[in-house]
Amino acid sequence: MLRSRLVNSINSSGIVSVLAIDDSCRLLVAKNNGDIEVYITDHDINGTFNNSYSSDSSNSLTESVSIPLKFKLSQIYSNLLRNLPNASNLDLHIQDMLYSEQLNTIFIKCKSMLVLLNSANLQVYDKIYDKRGINQVWVKTYMDNLNNSSITKPSDDNINSNKVCNINIGSNGDPITYLVYSTTKASTLRVLFWRGRTYNQMLEINLPKHLKDQTIKSIHIVSKGDAMLFTMSSGVYIWYFKEIKNDSLSNASSKAFSTQSSGALLKISQVYSKRYPDNVVDAIFSLKGLYSTENGISTPSFSSLGNIPMVSNDSRQTKYTFWRSVEKKYKKKDTIEPNMVSSTNYKDIRYIFEPSNNQILILDGITQNMFTVDIDDQESKLIAVDKKQFFQWNKYFNHCENISSDLLLLHNKNTIKFVDYNNGFTFLEERIDQGIKKVINLAGIYYIVWTLDDQLLMYIYQVDDDEGEHLGGYLSTHNSPRMSNVSLLYENNPENSNDSQSHSSEFSICAMYHDSNFYHLWRKVLFYRFFLKSPYALQLCISDDPYKSLDICAMKLRELTVMWCLQMFDALQNTIVGLRNNNTYKDKLKSKQSFIEYLNKLEEVIIRDIFNMFITMWAPPQLIILKTFPKEISYLVELITQQEHKCNSLSSQNKGESYKINPILIKEWVLPYLIDMRRHLRNLLVKQQKSSSEGTITWNYESRHISQDLDFFLLDSHDSIKIETMVSLVETVLFKVYVLYVPSMVGPFIRVENLCYEEVVINDLKEKKMYQELLDFYYHKEVHHDALEFLFDLNDKFKDNRIGPNMSIKDFIIKYLMLLPNENLDDLFFYLTKLLEQISDIHVRNNVLVSIFENCNIINLKRDSLKIYSYLKNIDKALSLEYLEFIIHTVYDINPKMHNYLVRRYISDLNDINNKKLQDFLKNNSQYNPSDIIVLLKNAISDETLTPEMKNFVLLMQVYPYYRLHKHEISIDILFNKLGDYKEAREYCNKVYLANRTVGSGILLYLLKAIIEKSNYRAGDHSSNELLVIFLKDYRDKLDIVQTLKTLPVGLPVKDIKDLLVFAIRHQKTKDEDFSLKKNIMQNELTNLNYSINHKSAKFIEVNSNNICYVCKKKFHSLTTDSVFWCYMPNGKEIIVHYNCGKSLEKRSVINKKNLLPTNKAEKMDLSALRRYVFENNK
Amino acid sequence: MSTRKKNILKVIILGDSGVGKTSLMHRYVNNKYSQQYKATIGADFLTKEVDVDDKVATMQVWDTAGQERFQSLGVAFYRGADCCVLVYDVTNTKSFENIKTWRDEFLVHANVSSPETFPFVILGNKIDCEENKKVVNTKSAQELAQSLGNVPLFFTSAKDAINVDNAFEEIARNALQQNQNDADAFEDDFNDAINIQLDGEPNSCSC
């Protein structure tokens, strides 16, 4: 735990107020004679003293280890307020001091005045006078862009009733500083706002009469700075600084006292309690309470179990038995603490604070509750959690302050205590013999005690040496990060628990349980959590290597947490088993639905929290599986690791009737643990496989990032196992959990990469008849032979019986064969043949083949189609053709061999349908190899059995591959010369011409020659040139006129080529006119350009002795021959400068280089002979 | 007094590295596209208000790192997911083949309450690319979508904004349905009003 050490003390009599200014490391002490003493530290304590309000732990952790704090007197301001105007008429005795870092201001509180001092030089710069008298004062700051940090300093202090609090909550805008004070006479609350460093406004609200005599116990700025929450003995109130809607005020949940223009004051009167405990410890207590009531320790009152809130009341009653025993213990202590204040002191506490979890809490001694404040414009409410335990343990303390996220500083007249705010466990206890007037918490790890005899004692608190030894012991016995022997868990070892709370070996919650070990663990866990979470963790460490120590602490916390959780799990299972064995509860468990629901809820909370902690702590899987899983799963640990675990058998013997976690909870909360462990172990496995050496993964806890290897997951005193074995264990357990509780997840799990223990998986799946999952398992393990043999065996056994939803075994075989990859094609053929042998119906057989080979499954598409084709051809020729067509037309297979096969198959069986298919294929498919196809077609023509029509068809088919080969002349020969089909030839030429005009013109000329040759022209024979005339008419616009005329036979009548000639002349004429038009337009453009050039050239400037150089401001001499620059400035202004000035200007880049006249033109310019220049500089 | 589950739809995008998960998310949420490839680290999310079938919700689109598979994101990350989007690249066969694995891995890691009915949507991305680069057959994708239980399938292009909005509308619809199912099964831990006298007076309640 923590231990504090006195490092320095200051003696100064007559102290009235002490103020620590963290940011300048100063301590201000106000005296009753009006003097103010300023103490400063010897050391640079920025790292430890400053940043007190920063919640950013990462920054603080980088700071060095703290140096003991020592203050020395630096300056005394004698009777500081004496020079104030009217000082003699007013009571200016200093009552208290407050500080605002944001405003750099110290507020001095007097009877009816607040004096504002500059914090740097303590000069008075303003004052606030209130004739009604000033009672309580607070300064608060609402900071922006910071998240949920609320550190209060110092705490509520009833001695002086003055408070200084700083609040940092994320929002937008400037930080707002609030000065809040209550008046002595008129019971008024007044707040002054500063936004940034600028005073903004003042609001005032009158408190109702019945609150007049009460003091405000604590205040807190809430609702993004728009409201103030405060507590008094009579209740919790909220003051909205802005006006709020009327309907909110009329809400029954909040009682409005005042709706002035300065906002509204409401009392929060709605208090709720959680129906169920929301954390594991409360749930365990409630559960034990259920059990103990039945065992006569407390009066059971489950007669009204229909009313759930009554249940929680009952549980409180049972807790009382425990608290009473604690009380006894403290009463013993009372006898040796004669100065201890009365036992009702805690009833003064109603303290508002905001720990790190972004919740506003009120620790309320009056009702012994902790309230969570839920602020809502419509309905603000308090959610109460019973804290009798807290107040019983800390009943003698009446001052309270939240000093870091988890820690409360409590003190009374002679003792200081640091406790965790949630449970009240003591982390530090320091007795001050001189008596305590006030405790001032400094940033970091220091606090100052202002004693009753006016001494200021500086203390440093750090983690106890005993803890260090403990850690050292841990290190010496644990050279590896393995989880230590858990048999300790089951020992009741009072020696381990000899501190103030854990001396509870003699008091227990109920007769059956001896919980000293549990409390000991619980407190340790909370302490280490606080320690590691603390922003001052490094400074809290007394160690040469604090980083290493913190790592060890994190590991220790892991170990303690796991042990603690397992103890709670044990308590859960013992209680549940006890309840089940109890006759009264047996009936209730059967009949009372509300009781069952309550029990289930408690179980859920416990299991949820325990397993979430296991996830955070990466709890060792072997241990967790052995301790928490049912026997039908936990046996796997020994089976897979081949290790004997005695602790398991020991504990299980004691169990009697075994407890099993509710299946719903296993699914919801236990599975995530296994899934996460699998992820971590798989990551480790991958890293080790990659690096081939010992890879590590990082375990993150709070600020610690610790590299871990497999040892982290193992148990002490057990042999090492391989990472693969560990992965196998976790995955097999995961599998088993899925099989037992979430069967629908078996499939997905078995399909992902896994190292499940094959024997277990296969047996389980067979037993459960989960054939699909079994086949998936075989498939992913790539033991296809085993899978198919299993299926065929099953088929022999069950024949055609359906074994799944609409699935026969044959369906399973087909489905499996469909998924066989190309590498197992031979296996596929083998088993397919075997299957087909068992099917007599040809249609069914074909359907099987089609379903296996003619689907678009990616696996099928990757198979060797040639092999499949050959296989199918042997079985069914028609089917193989269908397969070819599927592969080529649907899958777009580009294998030319498949194309050749297809063409060959069409040619070998020419008929109307195949002809059409062949033509479509050759015409539309661009993937086949044309040369191969031509050879095939030529071979086909040589077949004597073909009819002439068929031969012509095959001949025609050659045109398509020739087209792709660009052998157009051969195509024209075929089409025109051999087949005599001018129409087809013309279509062909058109197609070529469209694709490429030049090639098209050539092929047209070739066709022209062919026509001439074929028509065998004879002069005067009109019938012989009929086709030629049609051709010339068709292509008059596409033919090359010169070449055409050269080609045309001599003696062809002019009337036959009239159209051609007329078109050619017109076409030529049009071209000429276009050319002429273009020429004229360009001529015009040239004229325009010349004009523009001349216009620019005509610009000139006259340089004479009146001109002044822009740079040197000197005149130009008329009798010099210096060159000048005439240029434009970037702003368009024309300037004239000397040549050298221009150069320097250019160098300084004042004038853009582009704006300067090109030097080759300007430098030779003579003033006596001015010339004109054209400037294009801005273009 | 009850606290209803907020209408936030958690959508998780999974798929091989470089298939365009981040681009799809940015195209949908910001209607922006960047040619530059930058690998995602861990996970990142953007939100967008959606209005599907007259129901308004906030969609939280979680983009994940394809390289990492499921290495760094624990069960907590996937908890509360309402829809999972599986993305492949039509020019990358491997990314398509991995879709099934992504689905199974997601189901294992997310520990969803009802794996049989959990909504998935498959997106075949990069359809803007040249035809000869598209190596994943459309029919194969349709067969896969059917075999996974008629999972909605969309062919998208984050680059040219093709079909992205349609796809995400379907995703939102599925997520909303799933969210509704979860909300129906969700039971509040009701708080009960109790009578605590804050002024410390004895409890005047007769009950």
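A:Asn855 touches chain B through backbone and side chain together, each having a heavy atom under 4.5 Å away. With a 4.5 Å cut-off on non-hydrogen atoms, B:Leu107 touches chain A through its backbone and its side chain both.
More than 12 heavy-atom neighbours from other residues, nucleotides or ligands sit within 6.0 angstrom of CD1 on A:Ile859. For B:Lys100, the NZ atom is loosely surrounded, since the number of other residues' heavy atoms within 6.0 Å does not exceed 12. Counting non-hydrogen atoms of other residues, nucleotides and ligands closer than 6.0 Å to NZ of A:Lys815 gives a total of 12 or fewer.
In this structure the side chain of A:Tyr738 reaches within 4.5 angstrom of the side chain of B:Val108, judged on heavy atoms. Here the side chains of B:Glu105 and A:Arg751 are not in contact, with every heavy-atom distance at 4.5 Å or above. No side-chain heavy atom of B:Val75 sits under 4.5 Å from any side-chain heavy atom of A:Ile615.
For B:Asn111 (side chain) and A:Ile675 (main-chain N/O), no donor-acceptor pair under 3.5 Å exists by modelled atom type. Of the possible polar contacts, none joining the B:Lys139 side chain to the A:Thr890 backbone as a donor-acceptor pair under 3.5 Å is found.
Considering only heavy-atom pairs separated by less than 4.5 Å from chain B, the leading option among A:Glu753, A:Arg682, A:Arg678, A:His680 is A:Arg678. Across A:Ile750, A:Asp676, A:Leu861, the residue that shares the most heavy-atom pairs under 4.5 angstrom with chain B is A:Asp676. For the set A:Leu671, A:Val742, A:Asn860, the entry with the most heavy-atom pairs within less than 4.5 Å of chain B is A:Leu671.
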Check against side-chain contact (heavy atoms from CB on, under 4.5 Å), B:Thr93 and A:Ile858: CA-CA 9 Å; B:Thr93 317; A:Ile858 196 86; 3.6 Å; yes

Worked verdict on B:Asp104 versus A:Phe749 for side-chain contact (heavy atoms from CB on, under 4.5 Å): CA-CA 7 Å; B:Asp104 289 332; A:Phe749 179 65; over 6 Å; no

Residue pair B:Glu97, A:Lys862: steps toward the salt bridge (charged side-chain N to carboxylate O under 4.0 Å, His left out) verdict: CA-CA 11 Å; B:Glu97 286 171 17; A:Lys862 283 187 156 187; 2.4 Å; yes

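The OG atom of B:Ser147 lies 9.0 Å from the CG atom of A:Leu819; values are rounded to the nearest 0.5 Å. Atom CD of B:Glu116 is separated from atom OG of A:Ser744 by 3.5 Å, given to the nearest 0.5 angstrom.
Heavy atoms only, all atoms of each residue included: A:Pro672 and B:Arg79 are closest at CG-NH2, 3.5 Å.
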